[in-house]
Number of protein chains: 2
Amino acid sequence: MTDAKMPRMTRIQQKNRDLIMDGALNVFSANGFRGTTIDQIARSAGLSKPNVLYYFSSKDDIHKTLLTELLDMWLAPMQQIDPAGDPMSEVLGYVAAKMRMSRDYPRESRLFAYEILQGAPHLTQILGGGLREIVDRTVMVLQGWMDDGRLARTDPRHLIFSIWSMTQHYADFEIQVRAVLGRGRDPFDEGQAFLDQMYRKLLTP
Amino acid sequence: MTDAKMPRMTRIQQKNRDLIMDGALNVFSANGFRGTTIDQIARSAGLSKPNVLYYFSSKDDIHKTLLTELLDMWLAPMQQIDPAGDPMSEVLGYVAAKMRMSRDYPRESRLFAYEILQGAPHLTQILGGGLREIVDRTVMVLQGWMDDGRLARTDPRHLIFSIWSMTQHYADFEIQVRAVLGRGRDPFDEGQAFLDQMYRKLLTP
DNA sequence: CTTGATCCTGACCGTTTGGTCAATAATTCA
DNA sequence: TGAATTATTGACCAAACGGTCAGGATCAAG
């Protein structure tokens with residue numbers, strides 16, 4: 001689904017577009033859209049500014065492409081929840097997966113955080129459309145488990161919000177977290193342990 | 001502590017500085033620091049750009065002043081936790097207070113969210129200094145309650161992180177929350193109910 | 001090697017932006 | 001009232017920024 005749509009893509013095109021996406025992710029996630037210049041992206045990608053604009057028509061184009069390319073990967077963990085699995089394991093597994101995302105892909109987390117904060121100018125369709133459907137599907141699964149008495153009753157949608165906010169907090173506000181915890185501690189390990197305990201307690205029937 | 005330090009402040013100065021602070025809060029919280037122009041602040045305040053720069057020396061100055069002026073108010077709820085009060089009520093009261101802040105002061109929430117996301121260029125001192133002390137004090141109180149068996153054991157610092165992230169999520173990512181919930185629902189009321197239930201369950205010994 | 005397509009860049013352009021300043025208006029107060 | 005202080009603004013500047021373009025370099029294929 002990723003690259004099959006454009007068979008006529010040179011190795012150079014492939015490589016440079018990848019470089020630009022990575023550079024753009026660096027800069028956008030650190031400075032937001034308005035705080036990012038094409039020059040910074042070019043420098044981070046190791047290319048010249050006009051060369052960047054040879055592959056993408058505008059800064060907006062880069063940003064939009066980056067968001068849409070990363071969205072699937074970003075939402076993947078929720079879609080891997082298995083309705084046939086053990087409820088507690090599935091939920092805790094999802095929490096752990098999201099926590100791993102925050103640790104391993106903080107740039108992506110911040111990129112989306114900026115976008116939503118900004119009012120999601122490039123994601124409005126997805127927010128009201130695809131995302132809601134994905135959430136609804138998960139809500140059904142959770143609701144089913146609760147109806148079966150295999151999970152304590154809670155509002156499934158706010159449960160999802162809580163997982164999103166708490167896991168992404170460790171990536172988006174990492175500086176604050178580290179400042180409060182001090183040195184020599186691993187925010188992600190500790191956070192993972194805390195969340196595991198928290199959701200086990202909350203969701204045990 | 002707020003205005004007593006500068007007795008020689010005209011009514012006009014007082015009024016215009018307030019207008020600028022409010023306009024700046026509007027624009028900064030919506031667009032972030034780099035996404036904000038002095039012209040936008042001036043327009044939102046109903047003043048001209050040079051007039052804004054008559055009261056503040058630079059855009060940076062406006063931003064810094066705004067952050068420091070709002071910080072106390074932002075951290076107030078945590079300092080109102082009463083070590084002599086009932087543990088569960090105090091914690092749930094704090095959660096409710098933070099939730100009310102998200103509903104009533106979403107601009108402030110987003111302002112700080114942008115700042116932390118950005119790497120807190122204007123708050124580094126406060127993050128490593130004052131904030132940590134305030135948190136430490138609260139951590140002591142919580143730890144005491146847990147040691148006395150009046151609250152279930154958890155990591156107090158990560159408990160605080162969870163409260164911050166979940167309550168502020170409803171302000172910072174309000175667009176996403178509303179998109180997922182759909183119309184006709186009150187995110188803040190529902191969120192408050194969810195959090196109340198969640199923390200009651202988590203913290204009951 | 002030749003040719004056509006792809007790739008790359010220095011120089012450039014118009015606009016936006018943070019900030020300045022001299023001049024004018026309004027306010028304060030003796 | 002009148003002088004001194006404070007408040008306000010249009011015009012302006014230099015730097016930064018998004019984006020363009022003509023022309024040259026590189027590459028793939030016959």
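Naming: A, B, ... by sequence-line order, numbering from 1 per chain.
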Just the rounded figure in Å: distance from [atom2] of [N] to [atom1] of [X].
X       : N      : atom1 : atom2 : result
B/Tyr54 : C/dA22 : OH    : P     : 16 Å
A/Asp39 : C/dG10 : CG    : P     : 12 Å
A/Lys15 : D/dT26 : NZ    : P     : 14 Å
B/Asn51 : D/dT6  : CG    : P     : 15 Å
B/Gln13 : C/dA26 : CD    : C1'   : 14 Å
A/Asp60 : D/dG19 : CG    : P     : 7 Å
B/Asn31 : C/dG18 : CG    : P     : 12 Å
B/Ile12 : C/dT28 : CD1   : C1'   : 9 Å

What's the closest nucleotide to the side chain of [X] if the choices are [options]?
X       : options               : value
B/Lys59 : C/dC8, C/dG19, D/dA7  : C/dG19
A/Asn16 : C/dC8, D/dC17, D/dA7  : C/dC8
A/Pro50 : C/dA11, D/dC17, D/dT6 : C/dA11
A/Thr37 : D/dA7, D/dC27, D/dC17 : D/dC17
B/Ser48 : C/dT17, D/dT9, C/dC8  : D/dT9
B/Leu53 : C/dC8, C/dG18, C/dT20 : C/dT20

Problem set entry | Below 4.0 Å: OP1/OP2 of D/dA7 and any side-chain N or O of B/Arg11 |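 B/Arg11 to D/dA7 OP1/OP2: no side-chain N or O under 4.0 Å.
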
For this session: Ignoring backbone atoms, establish whether A/Tyr55 has a side-chain N or O less than 4.0 Å from OP1 or OP2 of C/dC8.
Result: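 Yes, such a contact exists.
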
For this session: Start with the C-alpha distance between B/Tyr55 and B/Thr65, add both sets of side-chain angles, then the distance that settles side-chain contact (heavy atoms from CB on, under 4.5 Å), and finish with yes or no.
Result: CA-CA 12 Å; B/Tyr55 291 101; B/Thr65 306; over 6 Å; no

Exercise. Does atom NZ of B/Lys201 have more than 12 heavy-atom neighbours from other groups under 6.0 Å away?
Worked result: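 Yes, enclosed.
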
Exercise. Thinking salt bridges, do A/Arg157 and B/Glu190 make one under a 4.0 Å N-O criterion?
Worked result: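 No.
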
Exercise. Cation-pi between B/Arg17 and B/Phe56: NZ/CZ under 6.0 Å from ring centre and within 45° of the ring axis?
Worked result: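 Verdict for B/Phe56: a cation-pi partner in B/Arg17.
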
Exercise. What nucleic acid atoms does A/Phe56 come within less than 4.0 Å of, heavy atoms only: base, sugar-phosphate, or nothing?
Worked result: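 It contacts nothing in the nucleic acid.
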
Exercise. Checking all strands, does A/Ile38 fall into the base, sugar-phosphate, or nothing category for heavy-atom contacts under 4.0 angstrom?
Worked result: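 If one applies the 4.0 Å heavy-atom cut-off, A/Ile38 turns out to touch the sugar-phosphate alone, with no base involved.
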
Problem set entry | Residue pairs involving residues 18-30 of chain B (criterion side chain to side chain donor-acceptor pair (under 3.5 Å); sequence neighbours excluded) |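 Sorted result for residues 18-30 of chain B: B/Asp22-B/Arg107, B/Asn26-B/Ser44, B/Asn26-B/Arg107.
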
Exercise. When only distance counts, do a donor and an acceptor, one from the side chain of B/Lys49 and one from the base of C/dG18, lie under 3.5 Å apart?
Worked result: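 Answer is yes: a donor-acceptor pair is held.
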
